[in-house]
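The structure appears below as structure tokens.
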Amino acid sequence: MDKKKKIILISVISVIVLLMIVGVVWYFVFVNNSGGNDRVNEGTENSKLSKLYQELSSKNSFSFETVLDDDNKMFYAKSGNVAYTDTNYNGNESKFVIKDGNSYLLVDDTKTYYTYKNNMVNLNKVQEAFDELINTGSFETGREEINGENYNYEQYVGKTNLALQSFDDDTNNVKTRLYFKGDDLVYIKTMSGETEELLKVNISYEVDQNLFEIPSDYREV
């Protein structure tokens with residue numbers, strides 16, 4: 001093969017390789033990361049949610065806050081074997097300290113509390129919510145813009161106890177979408193038919209230990 005033919009052959013091969021590289025990049029940037037449910041992932045052990053679950057489970061203390069608006073939000077804190085919840089639903093607030101095998105409802109207006117014995121249902125509220133989704137065994141991934149910023153998401157079939165609004169009792173008709181910035185969870189969307197709820201998420205590993213104490217000036221009723 002003469003020198004001229006070699007140059008032409010090398011040029012053709014170079015163009016083909018370049019086109020292949022461009023095609024691969026185009027797929028991952030514009031197809032694989034486009035909005036909508038574009039890929040089903042079998043198994044959840046390597047999901048961002050699974051990593052977050054393991055991270056929270058490894059921490060002795062953390063807080064988890066979800067906000068829809070001023071009248072609908074939830075704050076949860078956990079430290080060891082005690083927990084605290086402060087939930088606003090349509091402007092109605094309820095606070096619980098969960099410890100010693102019981103749940104204590106705090107009523108700030110009257111400085112009183114009620115004891116629900118042998119009840120620690122929400123001790124692991126957040127971990128249990130995530131564990132339910134992880135146990136579905138698969139999830140869908142995609143990318144969506146929220147408030148002008150793009151986020152990668154993982155979508156699972158079913159609802160969690162983190163949703164503030166009411167949704168269909170048939171969990172097969174409900175989907176939960178978790179939006180991440182890097183490995184940080186920033187939004188949770190619950191969807192059922194035409195109904196959607198988008199919650200802003202804040203997670204902290206600095207927790208006020210006073211939250212887990214019943215105020216000394218509160219009396220039991």
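V207 approaches S63 most closely through the heavy-atom pair CG2-N, 3.8 Å. Across all their heavy atoms, V121 and E128 have their closest contact at O-OE1, 3.9 Å. Heavy-atom minimum distance, I98 versus T85: CD1-CG2, 4.4 Å. When all heavy atoms of L133 and G158 are compared, the closest pair comes out as CD2-O, 4.4 Å. What you find for G101 and M120 is that their closest heavy atoms are CA-SD, 3.0 Å.
Taking the side chain as every heavy atom from C-beta outward, N124 and K78 approach each other to under 4.5 Å. With contacts defined as side-chain heavy-atom distances shorter than 4.5 Å, the pair S79/Q209 qualifies. Using a 4.5 Å cut-off on side-chain heavy atoms (C-beta onward), L68 and Q165 make contact.
Under 3.5 Å, the side chains of T160 and E132 contain no donor-acceptor pair of N or O atoms.
Hydrophobic clustering, with ILVMFWY side chains joined whenever heavy atoms are under 4.5 angstrom apart, groups V82 together with Y104. Cluster membership for L162 and Y84, using ILVMFWY side-chain heavy atoms within less than 4.5 angstrom, is not shared. Both Y116 and V221 are members of a single hydrophobic cluster when ILVMFWY side chains are connected at heavy-atom separations under 4.5 Å. Side-chain heavy atoms closer than 4.5 Å link hydrophobic residues (I, L, V, M, F, W, Y) into clusters, and following such links, possibly through other members, connects V126 to I203. At a threshold of 4.5 Å between side-chain heavy atoms, the hydrophobic network of Ile, Leu, Val, Met, Phe, Trp and Tyr places V201 and L52 in one connected group.
Looking only at distances, a side-chain donor or acceptor of K125 sits under 3.5 Å from a matching main-chain atom of N161. At distances below 3.5 Å, at least one donor-acceptor pair connects side-chain atoms of K48 with backbone N or O atoms of G182. Looking at T176, its side chain never comes within 3.5 Å of a backbone N or O of Y156 through a donor-acceptor pair. Judged by distance alone, the side chain of S103 and the main-chain N or O of N119 form a donor-acceptor pair under 3.5 Å. Using a distance-only test at 3.5 Å, with no hydrogens or angles considered, no donor-acceptor pair links the side chain of N147 to the main chain of E149. Within the 3.5 Å criterion, the main-chain N or O of L164 finds a donor-acceptor partner in the side chain of E197. A side-chain donor-acceptor contact under 3.5 Å links D208 to the backbone of N210. In this structure a side-chain-to-backbone donor-acceptor pair under 3.5 Å is present from T44 to I134. Panel note: side chain N102, backbone N118; a donor-acceptor pair is recorded below 3.5 Å.
Note that the CG atom of D69 and the CG atom of L198 stand 11.5 Å from one another [nearest 0.5 Å]. Expressed to the nearest 0.5 Å, how far CZ of R143 lies from CG of N152 amounts to 4.5 Å. For the atom pair K111 NZ and I214 CD1, the distance stands at 15.0 Å (nearest 0.5 Å). In this structure, OH in Y114 is found 11.5 Å from CG in L106, a value given to the nearest 0.5 Å. One distance of note links CG of L105 with OG1 of T112; it measures 8.0 Å at 0.5 Å rounding. K175 NZ to T136 OG1: the interatomic distance, rounded to the nearest 0.5 Å, is 12.0 Å.
Counting side-chain heavy-atom gaps under 4.5 Å among Ile, Leu, Val, Met, Phe, Trp and Tyr, Y89 is found in no cluster with other residues.
Partners of N92 under the side-chain contact (heavy atoms from CB on, under 4.5 Å) rule, at least two apart in sequence or in another chain, do not exist in this structure. Looking at residues two or more places apart in sequence or on another chain, you find a side-chain contact (heavy atoms from CB on, under 4.5 Å) between E220 and Y113, T115. Remark: K73 pairs with V67, N88 by the side-chain contact (heavy atoms from CB on, under 4.5 Å) rule, at least two apart or across chains. Listed by chain and residue number, nothing satisfies the side chain to side chain donor-acceptor pair (under 3.5 Å) test with N90 (two or more places apart in sequence, or in another chain). Listed by chain and number, the residues in a side chain to side chain donor-acceptor pair (under 3.5 Å) with Y53 amount to none (sequence neighbours excluded). By the ring pair (Phe, Tyr, Trp, His ring centres under 6.0 Å) test, F64 pairs with F130, sequence neighbours left out. Residues passing the side chain to side chain donor-acceptor pair (under 3.5 Å) test with E93: none are found, sequence neighbours excluded. F96 is linked by a ring pair (Phe, Tyr, Trp, His ring centres under 6.0 Å) to nothing, counting only residues two or more places apart in sequence or in another chain. Partners of F167 under the ring pair (Phe, Tyr, Trp, His ring centres under 6.0 Å) rule, at least two apart in sequence or in another chain, do not exist in this structure.
Between E55 and K59, at least one side-chain N (NZ, or NE/NH1/NH2) sits under 4.0 Å from a carboxylate O, which counts as a salt bridge. Note on D183 versus K51: no salt bridge recorded, every NZ/NE/NH1/NH2 to OD/OE distance being 4.0 Å or above.
Pairs engaging residues 168-201 under the ring pair (Phe, Tyr, Trp, His ring centres under 6.0 Å) rule: Y151-Y187, Y153-Y179 [sequence neighbours left out]. Under the ring pair (Phe, Tyr, Trp, His ring centres under 6.0 Å) criterion, no residue pair touches residues 201-221, with sequence neighbours excluded.
Within 6.0 Å of CG in N81 there are 12 or fewer heavy atoms belonging to other residues, nucleotides or ligands.
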Derivation of the salt bridge (Lys or Arg N to Asp or Glu O under 4.0 Å) call for E144 and K189: CA-CA 12 Å; E144 184 179 338; K189 181 189 285 185; 3.0 Å; yes
